[in-house]
Chemist: 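Below is a structure I'd like to ask you about.
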Amino acid sequence: MKDILQQLEERREVARLGGGQRRIDSQHAKGKLTARERIELLLDEDSFEEFDMFKTHRCTEFGMEKDKPAGDGVITGWGTINGRMVYVFSQDFTVFGGSLSETHAQKICKIQEMAVQNGAPIIGLNDSGGARIQEGVDSLAGYAEVFQRNVMASGVVPQISVIMGPCAGGAVYSPAMTDFIFMVKDTSYMFVTGPDVVKTVTNEVVTAEELGGASTHTKKSSVADGAFENDVEALAEVRRLVDFLPLNNREKPPVRPFFDEPGRIEKSLDTLIPDNPNTPYDMKELIHKVADEGDFYEIQEDYAKNIITGFMRLEGQTVGVVANQPMVLAGCLDIDSSRKAARFVRFCDCFEIPILTLVDVPGFLPGTTQEYGGVIKHGAKLLFAYGEATVPKVTVITRKAYGGAYDVMSSKHLRGDFNYAWPTAEIAVMGAKGATEIIHRADLNDPEKIAAHTKDYEDRFATPFVAAERGFIDEVIMPQSTRKRVCRAFASLRNKQQKNPWKKHDNIPL
Ligand code: HXC
C-alpha cells in the first residue's frame, strides 16, 4: 500500500514538472510564470482541484509515442476566487509549446461542459503555439470542439480569457468568443496570421508586438478589454473582475459588504458642469463620486474613450455603467463607441447586471469616415442592445442629450425605468446654434437676429423641463443627490420582471 501511495506522489511530481526544469527556467527568463504558478495566483490558496492530471496524447506520428508528458500541455480543474467557484484551464508552454492536441482539447471541453452544467465561470489562461503540428486535423477538430462549447456557454456562464503568451491562427477564435479578453504587455500577442505571412501576402513589415500585442488590441482593434504589466497584475485584476460577476445567468450578481452611506451627498457635483456648454468636464468624476467607496472597474479603458464602460457597486450590488465622456470628441457617439457600449450592455443583460447610463451626448459624429464605415448599423447596435435589455435601467442626463443619441442612451422610450435629469440638462433635437441656423436661414446674415433666435431656442428647449412635462424625464434631480437617487432607484427595482416576446433569438444588426 505504501508503495502505491508513493508511486502516486511520484507520478504527480513528474506531472507537475510539465516539460521539465529547463523549459520552466526558459519560461521564467521570458518574464512569464508557469501554468501552475498562474493557477496558484488566480485561485484562493489551496482551493484548486485538478482534473486529468495524467491524461496523455495518443499521437504516434513523428516519434510522438516516445514523448507522452502527463497532462498534455494544459492544466484544468476548478477552485474558488474569494470563496466563489470558477473553472480554469491554463496552457503549459513548457509542454510542446502549450500546443493544442486532440486530448488537450478534450480536457478543456470537459471543464467547459462542467462549468455550464454546474453554473460557474470559465477562466482560460492562454499560452500556446496553436494547433499541435504533429497531430494535424485531430488538432483542428479539437479547436472546433472548444469553439462550439464557447458558443454554448455564452450567456450561460461568464467566460474570461487571459492571453499570457502566443495565441495565433484559428486559436484566437476561442478567446474571441468569450466575454472578456485580457492581455499581458510585452509577453502576449494575438493574430490570425503572423508577421511572416503578412510580409509575404501584403508586403507589410510589422513586428509581432505591433501586429497583435496588448497595446494594439486594447487601443486599435478593441479585441482585448484590458492590458496589464505582468502575469501577477493580470491575475489579480481577473480576481477583482470575478467579484463583480454572477456565477451564471440564473443567479444575481454577488452583494458585497459596503462601507459607504447610500444617501451620501456630494456637494461638489453641483458645480461639475461648466458654465460654457462647450467646455468639457471629466465624467469619471461623477462615476467615482456615485460608486460605493469610489471603486470603478473599467472595461476597454483605452479604446473609444468617448464612451466609458465598466462596473461599480451601489449598496454592495454590481451595476454596469455606460457613460458619455465629454473630454473626448465632446462625448459624441460614433462607430467605435457604439460597438464598445453595445457589447457591454448585452453582457450586463445576459447576466442580470443592472445598468446605470450617464448621458452627455451632442449626437452622432458626422463625416464620410463614419457613414462609409457603417455608423448607421453600428449605432443601431447600441440602440438595439438597450431596447432589448430587461435588466433595471437607470439613466441620468447631466447635460446634452441631442437628437438620435438622446433616444439611444437608455431613454424612457427604450424602457428606461428611471430617467433622471440634472437641471443643467439640454434635451433637444440639436444644439441651439445649429437649430437656429436651420430654421431661421433667412436671418443668417443678421447676427443680432440669429443671437436672439438662439437665445429663444435655448430658453425654450435647452432645458430638461419640456421632456419632464411630457414624462420622458421622471424627475429633475439635484446633482449633489445623484448617488442617493440612483441607489434608491436600483433598490426599488430589485424585483423587476420584464419579458420580451418569445423568439428563437433576435437579429441584432451585426
Ligand atoms: C507542436 C510546438 C508548436 C506547435 C511550438 N512547439 N509550437 N509543438 N506544435 N504548434 C514546440 C516547439 O517545437 C518547442 O519544442 C517548444 O514548443 C517551444 O517552441 P519554441 O519555438 O522554442 O518557442 P519560441 O521561440 O518562444 O516560439 C514560440 C512560437 C513558435 C512563436 C509559438 O514555437 C511557433 O511559431 N510555433 C508554431 C506556431 C504555429 O504555426 N502554429 C500553428 C498555427 S495554425 P521544444 O521541444 O524545443 O521545447 C493553428 C491553426 C488553429 O493554430 C486552427 C484552429 C481552427
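Computation of the quantities below employed the complete heavy-atom set of this structure, encompassing side-chain atoms and omitting hydrogens, waters and symmetry-equivalent molecules. Read the numbers this way: they start at 1 and go in the same order the structure lists the ligands and their atoms. Predicted model only: the values in this text are computed from it and were never measured.
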Chemist: Between Leu140 and ligand 1, which residue portion shows a heavy-atom distance shorter than 4.0 Å: side chain, backbone, both, or neither?
Modeler: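 Near ligand 1, Leu140 shows its side chain, while the N, CA, C and O stay back.
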
Chemist: Does a salt bridge link Lys496 with Asp417, judged by any charged N lying under 4.0 Å from a carboxylate O?
Modeler: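 Yes, this pair counts.
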
Chemist: Would you kindly check if the NZ (Lys) or CZ (Arg) of Lys32 is within the cone defined by 45 degrees around the ring axis of Phe93 and under 6.0 Å from the six-membered ring centre?
Modeler: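 Verdict for Phe93: a cation-pi partner in Lys32.
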
Chemist: Within the structure, does at least one protein heavy atom fall under 4.0 Å of atom 34 (C) of ligand 1?
Modeler: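 No, because not a single protein heavy atom sits under 4.0 Å from atom 34 (C) of ligand 1.
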
Chemist: Do Arg23 and ligand 1 have an N or O pair less than 3.5 Å apart?
Modeler: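 Yes, since at least one N or O of Arg23 sits under 3.5 Å from an N or O of ligand 1.
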
Chemist: By number and element, which atoms of ligand 1 are closer than 4.0 Å to a non-hydrogen atom of Lys30?
Modeler: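 So the answer, numbered in order with elements, is 26 (O).
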
Chemist: Checking a contact table here: which protein heavy atom is nearest atom 6 (N) of ligand 1, and how many Å away?
Modeler: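 Here the closest protein heavy atom is Phe96 O, 3.7 Å.
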
Chemist: Can a salt bridge be assigned to the pair Glu9 and Arg16 using a cut-off of 4.0 Å between side-chain N and carboxylate O?
Modeler: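 Answer for the salt bridge query: yes.
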
Chemist: Should one rank Phe147, Tyr189, Tyr173 by closest heavy-atom distance to atom 55 (C) of ligand 1, which comes out on top?
Modeler: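 Closest candidate by heavy-atom distance is Phe147.
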
Chemist: Using heavy-atom distances, let me know which of Gly169, Gly129, Ser139 sits nearest atom 32 (C) of ligand 1.
Modeler: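 Among Gly169, Gly129, Ser139, the closest heavy atom to atom 32 (C) of ligand 1 belongs to Gly129.
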
Chemist: Can you confirm whether something in the protein, heavy atoms only, sits under 4.0 Å from atom 45 (P) of ligand 1?
Modeler: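 Given the 4.0 Å limit, the answer for atom 45 (P) of ligand 1 is yes, a protein heavy atom qualifies.
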
Chemist: Under 4.0 Å from atom 41 (N) of ligand 1, do we find at least one protein heavy atom?
Modeler: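 Answer yes: something from the protein, a heavy atom, is under 4.0 Å.
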
Chemist: Take the angle between the ring planes of Tyr297 and Phe311 and call it parallel below 30°, perpendicular above 60°, tilted in between.
Modeler: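 Judged by the thresholds at 30° and 60°, the geometry between Tyr297 and Phe311 is tilted.
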
Chemist: Please determine whether a side-chain nitrogen of the Lys or Arg among Arg149 and Glu145 lies less than 4.0 Å from a carboxylate oxygen of the Asp or Glu.
Modeler: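 Answer for the salt bridge query: yes.
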
Chemist: For ligand 1, which atoms have a heavy atom of Arg132 less than 4.0 angstrom away?
Modeler: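 So the atoms of ligand 1 that pass are 9 (N).
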
Chemist: So, for atom 52 (O) of ligand 1, does the protein have a heavy atom nearer than 4.0 Å?
Modeler: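 Protein heavy atom within 4.0 Å of atom 52 (O) of ligand 1: present.
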
Chemist: Under a 4.0 Å N-O cut-off, is there an ion pair linking Glu233 with Lys185?
Modeler: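 No.
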
Chemist: May I ask you to test the Val322-Tyr386 pair for a side-chain heavy-atom distance under 4.5 Å?
Modeler: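 Yes, at least one pair of side-chain atoms sits under 4.5 Å.
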
Chemist: Check whether the side chains of Gln91 and His104 place a donor and an acceptor atom closer than 3.5 Å, and report yes or no.
Modeler: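 Side chains of Gln91 and His104: pair found under 3.5 Å.
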
Chemist: Would you say Phe93 and ligand 1 have an N/O pair spaced under 3.5 Å apart?
Modeler: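 No; the residue has no nitrogen or oxygen that sits under 3.5 Å from a nitrogen or oxygen of the ligand.
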
Chemist: How about Gln300 and Asp225: does a side-chain donor come under 3.5 Å of a side-chain acceptor?
Modeler: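 A pair is found: one side chain offers a donor N or O, the other an acceptor, under 3.5 Å apart.
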
Chemist: For a quick test of reading the model, state the closest non-hydrogen atom pair linking His217 to Met190 and the distance between them.
Modeler: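 Result for this residue pair: NE2-O, 2.8 Å.
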
Chemist: Given the protein's heavy atoms, is any one of them under 4.0 Å from atom 8 (N) of ligand 1?
Modeler: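 There is a protein heavy atom less than 4.0 Å from atom 8 (N) of ligand 1.
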
Chemist: For ligand 1, which atoms, with element, lie under 4.0 Å from some heavy atom of Gly130?
Modeler: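 Result: 52 (O).
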
Chemist: Tell me whether the rings of Phe182 and Phe228 are parallel (<30°), tilted (30 to 60°) or perpendicular (>60°).
Modeler: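 Tilted: the ring planes of Phe182 and Phe228 meet at 30° to 60°.
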
Chemist: Right, does atom 30 (C) of ligand 1 have protein non-hydrogen atoms nearer than 4.0 Å?
Modeler: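 When distances to the protein are checked, atom 30 (C) of ligand 1 has no heavy atom within 4.0 Å.
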
Chemist: Below 4.0 angstrom, N of the basic side chain to O of the carboxylate: do Asp292 and Arg256 qualify?
Modeler: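 Judged by the 4.0 Å cut-off on N to carboxylate O distance, Asp292 and Arg256 do not form a salt bridge.
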
Chemist: Is Ala171 in polar range of ligand 1, meaning some N or O pair under 3.5 Å apart?
Modeler: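 Checking ligand 1 against Ala171, no N or O pair falls under 3.5 Å apart.
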
Chemist: Please check if a non-hydrogen protein atom sits closer than 4.0 Å to atom 13 (O) of ligand 1.
Modeler: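 Under 4.0 Å from atom 13 (O) of ligand 1, zero protein heavy atoms found.
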
Chemist: Under 4.0 Å from a heavy atom of Gln134: give me the atoms of ligand 1 that qualify, with their elements.
Modeler: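 Heavy-atom distances to Gln134 below 4.0 Å select 1 (C), 9 (N).
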
Chemist: Among Ser101, Ala131, Gly98, which one has a heavy atom closest to atom 50 (C) of ligand 1?
Modeler: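 The option holding the nearest heavy atom is Ala131.
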
